[in-house]
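To find a chain, count down the sequence lines: A is the first, B the second, and so on, and within it residues start at 1.
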There are 4 protein chains.
Amino acid sequence: MQSKTRTIGRDGPSFIEVARRAQIVECAIDTIATLGYAQASLHQIAERAGISKSVISYHFAGKDELIQQVIDDVSAAGAAAMWPRVQAETTSAGMLRAYIHSHIEFMRTHPKHVAAVTEIFTHYRSKTHEAAATPLEERLRQGQRDGEFREFSPRVMAWTIRAAIDEVGRRFVATPDLDLTECARELSETFALATNR
Amino acid sequence: MQSKTRTIGRDGPSFIEVARRAQIVECAIDTIATLGYAQASLHQIAERAGISKSVISYHFAGKDELIQQVIDDVSAAGAAAMWPRVQAETTSAGMLRAYIHSHIEFMRTHPKHVAAVTEIFTHYRSKTHEAAATPLEERLRQGQRDGEFREFSPRVMAWTIRAAIDEVGRRFVATPDLDLTECARELSETFALATNR
Amino acid sequence: MQSKTRTIGRDGPSFIEVARRAQIVECAIDTIATLGYAQASLHQIAERAGISKSVISYHFAGKDELIQQVIDDVSAAGAAAMWPRVQAETTSAGMLRAYIHSHIEFMRTHPKHVAAVTEIFTHYRSKTHEAAATPLEERLRQGQRDGEFREFSPRVMAWTIRAAIDEVGRRFVATPDLDLTECARELSETFALATNR
Amino acid sequence: MQSKTRTIGRDGPSFIEVARRAQIVECAIDTIATLGYAQASLHQIAERAGISKSVISYHFAGKDELIQQVIDDVSAAGAAAMWPRVQAETTSAGMLRAYIHSHIEFMRTHPKHVAAVTEIFTHYRSKTHEAAATPLEERLRQGQRDGEFREFSPRVMAWTIRAAIDEVGRRFVATPDLDLTECARELSETFALATNR
DNA sequence: CATGAATGAGCGTTCATTCAT
DNA sequence: GATGAATGAACGCTCATTCAT
């Protein structure tokens with residue numbers, strides 16, 4: 001039974017349902033990260049999960065829902081891991097440093113998750129993609145209002161920072177022994193200098 | 001028949017061979033830029049070229065070779081348009097500024113070419129992607145040796161600069177009325193500050 | 001477990017068994033009439049019944065048996081509604097008139113049932129279809145023996161009458177504001193003239 | 001190359017193209033007539049034609065186009081065989097007799113074609129289905145205007161006549177040794193009596 | 001009795017590729 | 001050189017059915 005038609009009683013989805021969905025999402029992440037989005041067919045994903053292709057169709061309304069769930073799960077995990085560290089900072093410069101470091105730290109702990117959503121975002125032309133940068137953009141703008149940052153286009157700067165972090169992610173997936181600590185330090189310094197008044 | 005095995009005599013590929021390949025590559029660029037990589041089947045490309053699908057198979061070993069040729073042609077055109085301007089600069093800072101501006105200028109003059117390779121890079125697990133950044137990396141290193149640039153990882157900086165430019169390309173493709181001049185100015189300033197000693 | 005193998009003791013099917021089968025058959029009728037045969041999957045039928053898909057599999061040997069039960073139930077209901085009126089007539093002409101009118105009257109009172117079996121008959125290679133016409137055929141034959149009807153092939157005439165009534169049913173399903181009274185009158189007159197000595 | 005994208009030069013489709021399409025259409029007719037519409041998958045049709053499933057996709061835009069071609073071909077053949085005979089009649093009664101006889105004669109010469117379109121019409125909810133009866137309806141109306149036919153609803157009568165003929169078609173498919181001559185005579189007499197003033 | 005879960009076969013369609021002419 | 005024709009594998013998806021609990 002698909003989630004759409006599920007009875008919204010007090011029980012919610014069963015334990016096994018939740019577990020299966022989680023398992024499938026994990027396998028989807030693994031498959032996408034390893035083979036790339038284009039090769040990540042339901043057949044491939046199912047094979048990695050050791051289940052039949054139609055089990056996926058049973059637990060998800062379609063491939064789109066599965067992909068969306070991957071995005072949602074990873075985004076939620078990423079946000080949970082990152083924003084607290086960003087919020088804890090009192091200066092805009094500190095916030096920016098925390099933003100970069102926490103993103104790259106998340107890559108270290110969840111390399112495949114990051115690889116998967118990166119693949120998805122580049123292939124899927126998601127609407128949510130755009131949105132992702134705007135919180136950062138808003139914070140950059142705040143740093144300018146506070147007089148802490150120099151004048152620059154917050155939009156272009158936000159694009160640049162995101163692109164730089166994503167690029168490190170891609171490199172890390174391709175080269176797992178990449179020194180993430182160095183990358184984080186480098187980006188941190190680069191954008192500190194680029195934004196500082 | 002693969003192009004590789006074609007050159008038997010001393011003549012190399014015939015005139016018509018060269019012309020056909022060029023025509024097909026141009027149509028491939030046009031198709032990919034317009035419809036996106038996923039929709040750019042050989043059928044679509046051939047239709048736009050007004051030729052049969054099998055002509056492509058005749059002149060190219062396979063779709064992979066065609067795609068690679070698109071990358072190569074656009075890269076060559078880009079390099080031809082950009083490196084002279086970069087080489088003309090005498091300082092490393094000037095070189096970096098010229099690198100960014102000429103790249104973005106190339107986007108303005110060849111939007112479809114840029115759109116096509118952007119589509120390809122995001123949808124196609126390319127092996128050649130890596131190589132592109134290294135000339136820039138070498139120049140950054142030179143700037144450090146000259147004492148003009150501060151100490152940073154030339155590799156990570158080169159990645160960042162390329163990623164930023166590519167991101168502008170993606171945004172430009174998605175939003176053709178994007179102010180490229182502003183973007184070029186912003187990136188130029190950003191990376192001037194980031195690299196300056 | 002099939003219903004056929006259920007009856008082991010002297011009791012026959014339990015009350016709940018009978019009720020469930022009836023409920024499922026009703027929902028199947030409703031679903032087929034509303035969505036059409038092609039869309040009437042077990043999933044759809046079960047959803048409308050508010051039960052699990054496998055309940056159907058439990059009470060019926062398969063979809064075929066369910067469909068057959070729909071046919072049987074509706075046929076029985078139809079016969080119960082129609083034959084008394086037919087039997088009550090003393091002349092063959094009256095009988096024929098009653099046959100046509102009562103059939104069309106049944107459409108008016110049971111539109112969904114008629115719609116469902118109509119859908120089934122057109123989409124489902126039924127073997128039992130044949131049988132339905134033979135009682136009518138026998139009565140036509142009787143009318144000929146009594147000298148009330150002219151000489152004609154009772155078989156072909158019976159087919160024609162049934163086909164005409166079914167066609168009205170199809171039209172009624174497609175166009176619910178069809179004037180059934182007019183149709184009944186027209187068919188009645190048509191076949192009175194066609195059979196009269 | 002699908003017919004839609006075919007170049008409309010002076011050549012038109014090639015000989016082999018025409019032959020293949022005709023062959024596929026014939027096999028589709030055969031398959032639908034034999035197995036029924038629901039079982040007539042592209043795989044089945046292709047298997048009967050001794051070709052690969054994708055050959056059909058090559059010559060037809062999709063299953064819909066194939067089915068439509070079956071309808072068109074059979075309708076054209078049927079009309080060509082029937083209308084001249086109908087038109088040749090000078091009286092409305094003669095016309096109606098010719099209509100019935102030529103239809104049933106067409107069944108005798110093209111039994112599978114008739115079976116196939118009957119299957120398609122009942123499964124496909126075609127828009128053209130409705131239209132088919134109206135020329136007949138118009139002729140019945142003309143017969144009334146001429147005072148040759150009694151007063152009746154031409155629409156219901158046309159439905160009835162078509163339904164009767166189609167029913168004979170269905171019976172003939174199910175029972176190939178059905179005496180079509182008798183059927184034609186019976187229907188002819190039946191509807192002569194039913195329409196005569 | 002009833003169910004959620006799982007399965008495998010089949011659907012129409014797309015596509016890069018091969019091949020005889 | 002060039003082409004139409006043909007192919008087979010893969011795609012996402014639907015569905016009736018089976019099974020353990």
Novice: Whole angstrom is fine here: how far is it from CD in A/Glu47 over to P in E/dG8?
Specialist: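 One finds 13 Å between P of E/dG8 and CD of A/Glu47, rounded.
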
Novice: So if I define the base as every atom that isn't primed, P, OP1 or OP2, how would nucleotides 15-21 of chain E read as a B/S/- string at a heavy-atom cutoff under 4.0 Å?
Specialist: SBBB---

Novice: Quick one: B/Ile24 CD1 to F/dG1 P, roughly how many Å, whole number?
Specialist: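 In whole Å, F/dG1 P lies 13 Å from B/Ile24 CD1.
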
Novice: Output every pair passing side chain to side chain donor-acceptor pair (under 3.5 Å) with a member in residues 22-33 of chain D, not counting sequence neighbours, ordered by first then second residue.
Specialist: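 Those involving residues 22-33 of chain D are D/Arg20-D/Gln23, D/Glu26-D/His113, D/Asp30-D/Arg48, D/Asp30-D/Lys112.
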
Novice: Ignoring backbone atoms, test whether D/His59 places a side-chain nitrogen or oxygen under 4.0 Å from the OP1 or OP2 oxygen of F/dA6.
Specialist: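 So the side chain of D/His59 is within the cut-off, an N or O lying under 4.0 Å from OP1 or OP2 of F/dA6.
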
Novice: Can you figure out which of E/dT3, F/dT7, E/dG8 approaches the side chain of A/Ser52 most closely?
Specialist: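 In terms of side-chain proximity for A/Ser52, the closest of E/dT3, F/dT7, E/dG8 is E/dG8.
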
Novice: Report the distance from atom CG of D/Leu35 to atom P of E/dG10, rounded to the nearest whole Å.
Specialist: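 After rounding, the gap between these two atoms is 14 Å.
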
Novice: Assess the residue pair D/Ile45 and D/Leu66 against the criterion (side-chain contact (heavy atoms from CB on, under 4.5 Å)); give the C-alpha distance rounded to whole Å, side-chain angles, the decisive distance to 0.1 Å, and a yes or no.
Specialist: CA-CA 11 Å; D/Ile45 296 170; D/Leu66 172 58; 4.2 Å; yes

Novice: Report the nucleotide, chosen from E/dA2, E/dT7, F/dT7, that has the shortest atom-to-atom distance to any side-chain atom of A/Ile51.
Specialist: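 The answer is E/dT7.
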
Novice: Using a cut-off of less than 4.0 Å, is there contact between a side-chain N or O of D/Arg20 and OP1 or OP2 of F/dG4?
Specialist: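 Answer is no, no contact under 4.0 Å.
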
Novice: Rounded to the nearest angstrom, tell me the gap between atom CD in C/Gln44 and atom P in F/dC15.
Specialist: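 Value for this atom pair: 8 Å.
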
Novice: Calculate the interatomic distance between D/Arg21 atom CZ and F/dA5 atom C1'; express it in whole Å.
Specialist: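 Going from D/Arg21 (CZ) to F/dA5 (C1'), I get 14 Å.
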
Novice: Can you measure from CG (D/Leu35) to CD (D/Glu119) and round to the nearest 0.5 angstrom?
Specialist: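 That separation rounds to 9.5 Å.
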
Novice: When the distance from CD1 of B/Ile45 to C1' of E/dT14 is rounded to whole Å, what number comes out?
Specialist: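 To the nearest whole Å, that distance equals 15 Å.
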
Novice: Report the distance from atom CZ of D/Phe60 to atom C1' of F/dA5, rounded to the nearest whole Å.
Specialist: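 Atom CZ in D/Phe60 sits about 14 Å away from atom C1' in F/dA5.
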
Novice: Closer than 4.0 Å, any side-chain N/O of B/Tyr58 to the OP1 or OP2 of F/dG1?
Specialist: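 Answer is no, no contact under 4.0 Å.
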
Novice: Calculate the interatomic distance between C/Tyr37 atom OH and F/dC15 atom C1'; express it in whole Å.
Specialist: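 Rounding to the nearest Å, OH of C/Tyr37 and C1' of F/dC15 are 12 Å apart.
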
Novice: What would the secondary structure line of DNA chain F be in dot-bracket form, counting Watson-Crick and G-U wobble pairs under 3.5 Å, with [ ] for pairs that cross earlier ones and | for pairs with another strand?
Specialist: .||||||||||||||||||||

Novice: Side chains of D/Val25 and D/Phe60: closer than 4.5 Å at any heavy-atom pair?
Specialist: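 Yes, their side chains come closer than 4.5 Å.
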
Novice: With side-chain contact (heavy atoms from CB on, under 4.5 Å) as the criterion, how do A/Val173 and A/Val114 come out once you've worked through the C-alpha distance, each side chain's angles and the decisive distance to 0.1 Å?
Specialist: CA-CA 9 Å; A/Val173 170; A/Val114 173; 5.8 Å; no

Novice: Search all heavy atoms of C/Ala33 against all heavy atoms of C/Ala116 and return the closest pair with its distance.
Specialist: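 In terms of heavy atoms, the two residues are closest at CB-N, 4.2 Å.
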
Novice: Rounded to the nearest 0.5 Å, how far does CD of D/Gln69 lie from CD1 of D/Ile71?
Specialist: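 Here the rounded value is 10.0 Å.
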
Novice: How many angstroms lie between CD1 in D/Ile24 and CD1 in D/Ile29, if you round to the nearest 0.5 Å?
Specialist: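 The CD1 atom of D/Ile24 sits 12.0 Å away from the CD1 atom of D/Ile29.
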
Novice: Looking at every non-hydrogen atom in both residues, tell me the closest pair between D/Ser41 and D/Lys63 and how far apart they are.
Specialist: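 Closest approach of D/Ser41 to D/Lys63, heavy atoms only: CA-NZ, 4.1 Å.
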
